[in-house]
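Only one structure is covered here, and it is reproduced in the block below.
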Amino acid sequence: MELTTKQFVKDFKERYFNKYSNEYTTGTDEQLYYALGTLIRSYASKGWKNMRDNYIDNRRKQVYYFSIEFLPGKFLLKNAYNLGILETVKEGLKELDLDLDRIVEIEPEPAIGNGGLGRLASCYLDSGAALGLPVHGNGIRYKYGLFKQKFVDGHQVELPDNWLKDPYPWEIRNNVSAVTVRMGGNVWMREDGIGGLEPVYEDTLDILAVPYDNALIGYNEATTNNLRLWSAEVTPEDEGKLDKHSRLQIKEINENLYPDDTTYEGKRLRLKQEYFFVSAGVQSVIRQFKKYDLPRKQIPDKIAIQINDTHPALVIPELMRILLDEEKLSWERAWEITVNTVAYTNHTILSEAMETWEIGMFKELLPRMYQIIEEINRRHVQEQLPLYGRSLTYATQIIKDGQIHMAHLAIIGSHSTNGVASLHTEILKDDSLKQFYEMFPHRFNNKTNGITQRRFLHLCNPGLTELITKKIGNEWKTNPSELKIFKGQETNKHTLKELEKVKLANKKRLAKYVKEQQGLEINTDAIFDVMIKRLHAYKRQQLQLLHIIDRYLRIKVDGETDIQPRVFIFGAKAAPGYRFAKQVIKVINELAYLINHDDEVNDKLQIVFIENYNVSKAEYIIPAAEISEQISLAGKEASGTGNMKMMLNGAITVGTMDGANVEIHDYVGEDNIYIFGMDREEVRDMNWSGGYNPREFYETNPRLQRAINALVDGTIPNVTHEGRDIYDAFLVHGDEYYCLKDFDSFVHVQEDVDKLYQNKTEWNRKSLLNIASAGPFSSDFAVARYATDIWNARPVHKAKKDQVVSFD
Ligand code: AZC
């Protein structure tokens, strides 16, 4: 949009005055933030309204991304940037003598997601809007986001994240669009007088779902979409009538984000949350469709619903319910519409993360959903039995062994099932979802994840953005595949030096932050070795721990002096109930304390564990990363996206052939990535042959033995049982994630990395090649592929000339 500094200054003063009846010069940072936030939002209002009208007037196909988690990060800078007014805002604030950084610092980050899956959803919404595609988000407005992590004596302590305690300038409460969601009670069918049946509900708990809408402003205002987050309230009819218990039941629905993305304890509340946002979302989608005034059979032509993992899989029976009970369609017609509307993305192969619900609980909470799922299951069996026989058909049932299997429902009730990296999709096809692949081969497809270059490069790393632009022009910003032109600079010594300077500046910025937060001075000449992701055994932070202990002992005990200095940087939250993960945090923190305070060692080795890792912290850390640690056991990480973000910022990956690392390897070339460890086939063969004997590795590798012993022999103070439990996981419980097996090859590639760093030109060259090869991982491409292959959705206007993403 067009905005002069003069106009902005005037608007800001007015906005502040009208809001607070006072001059802005008297404002607190909180007030200044609120005034600025609402002002920027107001700049987007017209575009938002126009787009809403445009979608309806032109009966555009709209896509709804249903996700129980989103991790959008802060909005202020992003929105100003996408509106094209960030520089104006900066100048204007300078004129007003206000500090933008301080104002941005105040903004709370909506941590309404756990990790990868939630962040991916937000990257996709950003890309959808940037491409001019009508892609909206649908989720829950959790009052408390993911806990705030604090370290107390090295232990993780969880504090509540009350991110909505102050008014949130980006959202609009939208009372007129509220809908009612019914749970519990009884349901029975009676004749509806027109030859069919209709359900009668008794004793249900009715919940008012109120949407809060957040504008998703596309880059260059390509379009503006909506992130709709639902809040649970008492219906006006029940106001004053409901007992305390029922009120509590309603209140708790959007009180807390479920704090674990990898295990499901079959919690009733989680199921309530799932049905709540699904039912509200589907009702509102159908309402939107009705504005088009088209026959219902055209629903799949005008609506696509993508379900982000299985948490929203109730979309399938809920859409069926509406079509059957309210729209009075036949089962067959309703089913065809449903399957053609819904598509499913799988994000994990970990069996413990596959959702199932115990029938008794499910039936009691969602009786009508249960009836419909039963019928879907019955018809599935009836249809597939003659074609595929008993064993395959029964294996694919939705209801079996007393449980409802959500992944089965998601595959059977949708037209597309995709994995999130090519290796992951292969594993789904030939292993974890093999039987479904046999039945529905055409439904399976791969959509490798992507990341938004706007947040994870343009905004968080202006130095690098400027350097690239100086060398190859502006076009790569809207067409990230142009980044490959930057490869032409690989032998340009001058560019490589400039790149090094940018990295150093980013390292210094991070070092300053660490100094402020932890009082620790880190060595910015050392390699910054970064591992940021949720803490989980399969991701193998404990392997990195062994590597660091080994380094420590080489310096401390062996007296090695010729060792490349490194700063190991961690960021990771452990699920509150995940004991092992918390123990790893404790041990890393104690090791950090030991090493950082030992003057014999700390010029060669330091450890920083950044507290409360989240999107904003990632934006600080990623530009400073030189090594990107992606060391999950092959076959376990569906994709990973941190790997892409760090690569885009010039970090060199040390990783296994897992998830999207495989594709990173293919794009950047094997000379520019450090791959180690077993591959997926080796892991699978090893598992099939009943695991391995980690003791063999322990006993025959003195370096490994020494590192493991350090967990229990008092080398690391204050970690008695934590060290012991990790030790036992390695040696007593069979080392499920093959850390001992991969140790040797891991530490050897790390030594190669050290050697490379001695030659800064060569390092910078590889770093540059990583940046130049990261274009294909832009979420703009990923979303364009979803739009073309799955959604059949098109942008509001032809993509601009300089935008290569093709829709034809
Ligand atoms: C994550 C995967 O673990 C990660 O590999 C992937 O990059 C990310 O999704 C986005 O696809 N999964 C989750 O966050 N959660 C679940 C339940 O899979």
Side-chain angles (χ1 to χ4, degrees), residues 65-71 111-125 127 139 146 257-265 267 270 273-274 306-313 344-356 406-407 410 417-425 427-428 432-433 446-452 456 532-541 572-573 575 578 581 613-615 618 628-647 655-664 680 737 777 779 782-783 785-786:
Y65 202 86
F66 275 53
S67 180
I68 202 160
E69 304 186 1
F70 289 95
L71 282 173
I112 51 176
N114 276 293
L117 163 156
R119 181 55 232 175
L120 186 80
S122 292
C123 279
Y124 283 3
L125 294 181
S127 285
L146 183 61
L257 167 80
Y258 197 88
D260 190 345
D261 63 343
T262 50
T263 56
Y264 292 101
E265 295 149 30
K267 288 245 175 81
R270 174 77 163 185
Q273 291 184 328
E274 293 185 0
Q306 188 71 35
I307 59 175
N308 200 23
D309 220 89
T310 59
H311 326 120
Y344 157 55
T345 304
N346 173 290
H347 291 271
T348 185
I349 30 198
L350 299 186
S351 55
E352 64 268 32
M354 292 284 185
E355 275 188 302
T356 59
M406 297 294 266
T417 292
N418 76 278
V420 290
S422 75
L423 176 71
H424 172 227
T425 303
I427 295 176
L428 295 181
S432 53
L433 299 176
N446 177 56
K447 293 285 168 284
T448 297
N449 283 165
I451 53 155
T452 167
F456 292 108
I532 41 175
K533 49 185 80 249
R534 283 300 290 260
L535 215 139
H536 203 288
Y538 84 80
K539 296 181 187 278
R540 300 202 294 192
Q541 279 93 350
K573 287 182 182 175
Y578 191 173
Y613 176 64
N614 59 13
V615 178
S628 157
E629 298 283 353
Q630 308 300 337
I631 63 176
S632 51
L633 176 66
K636 292 286 181 193
E637 187 71 271
S639 162
T641 46
N643 45 5
M644 302 168 183
K645 292 167 196 160
M646 285 197 263
M647 173 194 196
T656 47
M657 277 301 219
D658 197 17
N661 298 351
V662 176
E663 286 148 271
I664 290 180
R680 181 232 165 183
Y737 299 101
F777 298 107
S779 45
V783 169
R785 286 190 292 265
Y786 276 90

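Counting starts at 1 for both ligands and their atoms, in listed order. The basis for the numbers below is simple: all heavy atoms, side chains too, and nothing from hydrogens, waters or symmetry mates.
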For atom 4 (C) of ligand 1, tell me which residue out of Lys447, Met644, Glu637 has the closest non-hydrogen atom.
Glu637

Side-chain donor or acceptor of Arg119 paired with backbone N/O of Val615 under 3.5 Å
no

With atoms numbered from 1 as shown, which atoms in ligand 1 lie under 4.0 angstrom from a non-hydrogen atom of Thr348?
18 (O)

Hydrogens and angles aside, do Tyr124 and Asn308 bring a side-chain donor and acceptor to less than 3.5 Å of each other?
no

Does Arg680 use its side chain to pair, donor to acceptor, with the backbone of Gly635 at less than 3.5 Å?
no

Is His311 in polar range of ligand 1, meaning some N or O pair under 3.5 Å apart?
no

Will you find, in the side chains of Asn449 and Thr641, an N or O donor that is under 3.5 Å from an N or O acceptor?
no

Between Arg785 and Lys447, is there a donor-acceptor pair closer than 3.5 Å when you use the side chain of the first and the backbone of the second?
no

Under a heavy-atom criterion of less than 4.0 Å, does Gly659 contact ligand 1?
no

Ser779 side chain to Thr452 main-chain N or O, any donor-acceptor pair under 3.5 Å?
yes

Would a distance-only check, ignoring hydrogens and angles, find a side-chain to backbone donor-acceptor pair under 3.5 Å from Asn643 to Ile664?
no

Atoms of ligand 1 close to Tyr538 [distance to a heavy atom under 4.0 angstrom, numbered from 1]
3 (O)

Considering only heavy atoms of Asn449, which atoms of ligand 1 have at least one such atom less than 4.0 Å away?
6 (C), 7 (O), 10 (C), 11 (O)

Heavy-atom distance under 4.5 Å between the side chains of Leu146 and Glu69, does that happen here?
no

I need the atoms of ligand 1 closer than 4.0 Å to a non-hydrogen atom of Ala638, numbered in the order shown.
5 (O)

Ignoring angles and geometry beyond distance, decide whether Lys539 reaches within less than 3.5 Å of ligand 1 through its nitrogen or oxygen atoms.
no

Within a distance under 4.0 Å of any heavy atom of Gly116, pick out the atoms of ligand 1 and give their elements.
8 (C), 9 (O), 10 (C), 14 (O)

With nothing but distance in play, are any N or O atoms of Leu117 less than 3.5 Å from an N or O of ligand 1?
yes

What I want to know is whether Val420 and ligand 1 share at least one N or O pair that is separated by under 3.5 angstrom.
no

